[in-house]
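Shown next, in structure tokens, is the structure this report addresses.
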Amino acid sequence: MTFKAMTSKEVTKKVINKEKLFVLDVRNESDFQDWKIEGENFHYLNIPYFELLDGVEEILDRIPADQEILVVCAKEGSSVMVGEMLSDAGLDVSYLQGGMKAWSEHLEPVKVGNLKGGGELYQFVRIGKGCLSYMVLSSGEAALIDATRMTDIYLDFAQSMNAKITHVLDTHLHADHISGGRTIADKTGATYWLPPKDATEVTFSYEPLEGGQDVTIGETKINIHSLYSPGHTIGSTSFVVEERFLLSGDILFIDSIGRPDLAGLAEDWVGDLRESLYKRYRELSEELIVLPAHFMIIDELNEDGSVAEKLGTLFAKNHGLNIEDENEFRKLVTENLPPQPNAYQEIRETNMGKINPDTEKQREMEIGPNRCAVR
């Protein structure tokens with residue numbers, strides 16, 4: 001029977017196309033329950049690999065013969081071992097190349113719109129982690145927003161589009177993933193922008209991103225207006241691109257709102273979060289397309305794999321934007337919080353430039369689901 005590798009990109013296409021896939025996850029039960037590959041038509045069986053060391057005969061009746069089968073583990077090795085046994089037992093099977101580590105790092109570029117003068121806006125979907133980053137392209141120049149540490153994909157993508165990255169921006173000091181902004185700025189000579197209220201402890205130079213500023217990309221003027229919108233962090237900043245797209249950072253998501261506690265100041269910042277969402281955003285056009293920095297659940301993906309929705313639609317459907325009572329809102333965002341992201345304090349310190357973990361350590365720090373939202 002056939003036995004082959006399946007890449008994270010191939011699995012991502014199955015997620016976006018809502019294809020069927022049977023996933024045999026051979027990690028420990030706690031790891032599987034905490035974080036797994038998600039797809040609308042995926043089915044799962046979780047059996048730790050150490051229970052299969054003597055063979056797979058006892059689970060064969062639990063594995064469908066009429067579905068594509070993918071074996072998944074943390075790094076790849078265990079899934080290869082189990083997959084080979086399933087193949088020997090007569091099944092067509094694949095294993096996830098690079099394991100969940102590779103799944104955590106895959107970025108899928110999705111075009112979300114055309115801009116004036118031939119420009120384009122792309123969203124990079126980090127499908128396994130829920131992170132979203134953006135590239136604005138115009139007249140041979142590019143701006144990168146909320147980049148992840150997997151910097152090569154942005155550099156290669158910009159090169160494939162014959163564009164030079166001239167500006168790199170972070171909407172806030174990230175706590176759930178390591179920013180690639182500074183690395184890309186160093187490699188390309190681009191200007192690195194940060195909200196100054198989030199950057200009081202950083203150890204490197206940057207340009208302060210403050211309300212009312214415009215950043216021009218290319219010969220065709222594309223304005224990225226920074227809109228001060230504190231709440232997730234004290235410096236959280238939103239960008240409006242061409243009066244059409246609202247890059248909301250971690251303030252507002254499609255199905256949820258940002259959590260205000262990752263710097264230990266939830267009670268202090270909850271008022272800022274409410275003002276940003278219920279006052280500042282209400283002053284914006286409801287026709288703006290919201291492009292957040294994260295998604296929380298796979299249902300937030302559109303048919304083309306993008307994560308985007310009109311601001312007016314979110315005002316109507318997002319529960320976090322429809323809590324009239326301030327005390328109820330305060331309770332939601334201070335008492336209804338999910339577990340904090342893995343190693344979030346270390347991630348914040350890395351993004352400040354205070355520590356410089358090696359690549360493998362950075363991978364370990366980021367492993368796990370996105371936990372930036374409150375629902």
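Environment of CD in Glu324: sparse, with no more than 12 heavy atoms of neighbouring residues, nucleotides or ligands closer than 6.0 Å. Applying the 6.0 Å contact sphere to CG of Asp61 captures more than 12 heavy atoms from other residues, nucleotides or ligands. When the shell of 6.0 Å around CD of Glu51 is examined, it contains more than 12 heavy atoms from other residues, nucleotides or ligands. Within a 6.0 Å sphere centred on NZ of Lys317, other residues, nucleotides and ligands contribute 12 heavy atoms or fewer. Within a 6.0 Å radius of CD in Glu210, other residues, nucleotides and ligands contribute more than 12 heavy atoms.
Side-chain atoms of Asn302 do not come within 3.5 Å of backbone N or O of Asp304 as any donor-acceptor pair. Glu242 places a side-chain N or O within 3.5 Å of a backbone atom of Lys116 that can act as its donor or acceptor partner. Side-chain atoms of Trp103 do not come within 3.5 Å of backbone N or O of Thr7 as any donor-acceptor pair. Between the side chain of Thr203 and the main chain of Gly353, a donor-acceptor pair closer than 3.5 Å is present. Distance alone, capped at 3.5 Å, places no donor-acceptor pair between the Ser87 side chain and the Gly83 backbone. Between the side chain of Asn318 and the main chain of Phe253, a donor-acceptor pair closer than 3.5 Å is present. Between the side chain of Glu108 and the backbone N or O of Ile16, no donor-acceptor pair lies under 3.5 Å. Side-chain atoms of Thr237 come within 3.5 Å of backbone atoms of Gly235 as a donor-acceptor pair (strictly under, hydrogens ignored). Under the 3.5 Å distance criterion, the side-chain polar atoms of Thr12 are matched with a main-chain donor or acceptor of Ser8.
Neither side chain, Tyr49 nor Ser79, offers a donor N or O lying under 3.5 Å from an acceptor on the other. A donor atom on one side chain and an acceptor atom on the other are found under 3.5 Å apart for Thr148 and Tyr154. For the residue pair Asp170 / Tyr192, a side-chain donor-acceptor distance below 3.5 Å is found, with atom types taken as modelled. Using modelled atom types, one finds no donor on one side chain facing an acceptor on the other under 3.5 Å when comparing Asn351 with Lys354. A donor and an acceptor atom, one from each side chain of Thr171 and Asp146, are located under 3.5 Å apart.
Salt bridge status for Glu303 with Lys18: present, with a side-chain N to carboxylate O gap under 4.0 Å. Looking at Lys14 and Glu19, a side-chain N of the basic residue comes within less than 4.0 Å of a carboxylate O on the acidic one, giving a salt bridge. With respect to the salt-bridge test (charged N to carboxylate O, under 4.0 angstrom), the residues Glu287 and Lys310 qualify. Looking at Lys129 and Glu366, no side-chain N of the basic residue comes within less than 4.0 Å of a carboxylate O on the acidic one, giving no salt bridge. A salt bridge is defined here as a Lys NZ or Arg NE, NH1 or NH2 lying under 4.0 Å from an Asp or Glu carboxylate O, and Arg126 with Glu105 fails to meet this definition. Taking a cutoff of 4.0 Å between a charged side-chain nitrogen and a carboxylate oxygen, Glu10 and Lys13 do not qualify as a salt bridge.
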Subject >> Residues Phe3, Tyr95; criterion ring-ring contact (aromatic ring centres under 6.0 Å, His included); working and verdict >> reply: CA-CA 8 Å; Phe3 176 58; Tyr95 67 92; 5.4 Å; yes
Original post:
Given the rule in the side chain to side chain donor-acceptor pair (under 3.5 Å) test, do Asn28 and Ser30 qualify, once you have shown the distances and angles that lead to the verdict?
Top reply: CA-CA 6 Å; Asn28 292 332; Ser30 60; 5.3 Å; no
Subject >> Lys111 and Glu120: CA distance, side-chain angles, deciding distance, salt bridge (Lys or Arg N to Asp or Glu O under 4.0 Å) verdict >> reply: CA-CA 7 Å; Lys111 184 176 177 178; Glu120 297 173 307; 2.9 Å; yes
Original post:
Passes side-chain contact (heavy atoms from CB on, under 4.5 Å), Leu252 versus Ser276? Steps please.
Top reply: CA-CA 9 Å; Leu252 175 62; Ser276 295; over 6 Å; no
Original post:
Given the rule in the side-chain contact (heavy atoms from CB on, under 4.5 Å) test, do Ile127 and His106 qualify, once you have shown the distances and angles that lead to the verdict?
Top reply: CA-CA 7 Å; Ile127 189 78; His106 178 67; 4.2 Å; yes
Original post:
Do Ile347 and His177 pass the side-chain contact (heavy atoms from CB on, under 4.5 Å) test, and can you show the C-alpha distance, the side-chain angles, and the key distance before you say yes or no?
Top reply: CA-CA 6 Å; Ile347 291 173; His177 72 274; 5.6 Å; no
**OP:** Mind running side-chain contact (heavy atoms from CB on, under 4.5 Å) on Leu314 and Glu286 for me, showing each step along the way?
**Re:** CA-CA 9 Å; Leu314 299 191; Glu286 292 192 356; over 6 Å; no
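Residue Val307 comes nearest to Tyr134 through the heavy atom pair O-OH, 4.4 Å, listed as atom of the first residue, atom of the second, then distance. Among all heavy-atom pairs drawn from Leu70 and Val11, the shortest one is CD2-CG2, 3.9 Å. Contact record, Gln123 with Val125: OE1-CG2, 3.7 Å, taken as the closest heavy-atom pair. Here the closest non-hydrogen pair linking Cys73 and Ser78 is SG-N, 3.6 Å. The two atoms that bring Lys187 and Leu155 nearest to each other are CD-CD1, 3.8 Å, heavy atoms only. Across all non-hydrogen atoms, the minimal contact from Pro292 to Ser248 is CA-OG, 3.3 Å.
Aromatic rings of Tyr122 and Phe157 (six-membered ring for Trp) have centroids within the 6.0 Å cut-off, being under it. The aromatic ring centres of Tyr278 and Phe329 sit less than 6.0 Å apart. Centroid-to-centroid, the aromatic rings of Tyr281 and Phe315 stay 6.0 Å apart or farther.
Side-chain contact between Asp198 and His172: present, with at least one pair of heavy atoms (C-beta onward) separated by less than 4.5 Å. Between Val168 and Trp193, every side-chain heavy-atom pair lies at or beyond the 4.5 Å cut-off.
Linking Ile, Leu, Val, Met, Phe, Trp and Tyr residues whenever their side-chain heavy atoms come within less than 4.5 Å places Val56 and Leu24 in a single cluster. The cluster map of Ile, Leu, Val, Met, Phe, Trp and Tyr, joined by side-chain heavy atoms under 4.5 Å apart, puts Phe50 and Leu45 in the same cluster.
Here the CD1-CG distance, from Ile47 to Asp25, works out to 10.5 Å after rounding to the nearest 0.5 Å. The OG1 atom of Thr350 sits 3.5 Å away from atom CE of Met365, with the distance rounded to the nearest 0.5 Å. In this structure, Ile178 CD1 and Met150 CE are separated by 9.5 Å, a value rounded to the nearest 0.5 Å. Atom CG of Leu121 sits about 10.5 Å away from atom CE of Met135, to the nearest 0.5 Å. A distance of 6.5 Å separates CG of Leu86 from CD1 of Ile69, quoted to the nearest 0.5 Å.
Classification of the Tyr206-Phe204 ring pair by plane angle, with boundaries at 30° and 60°, yields perpendicular.
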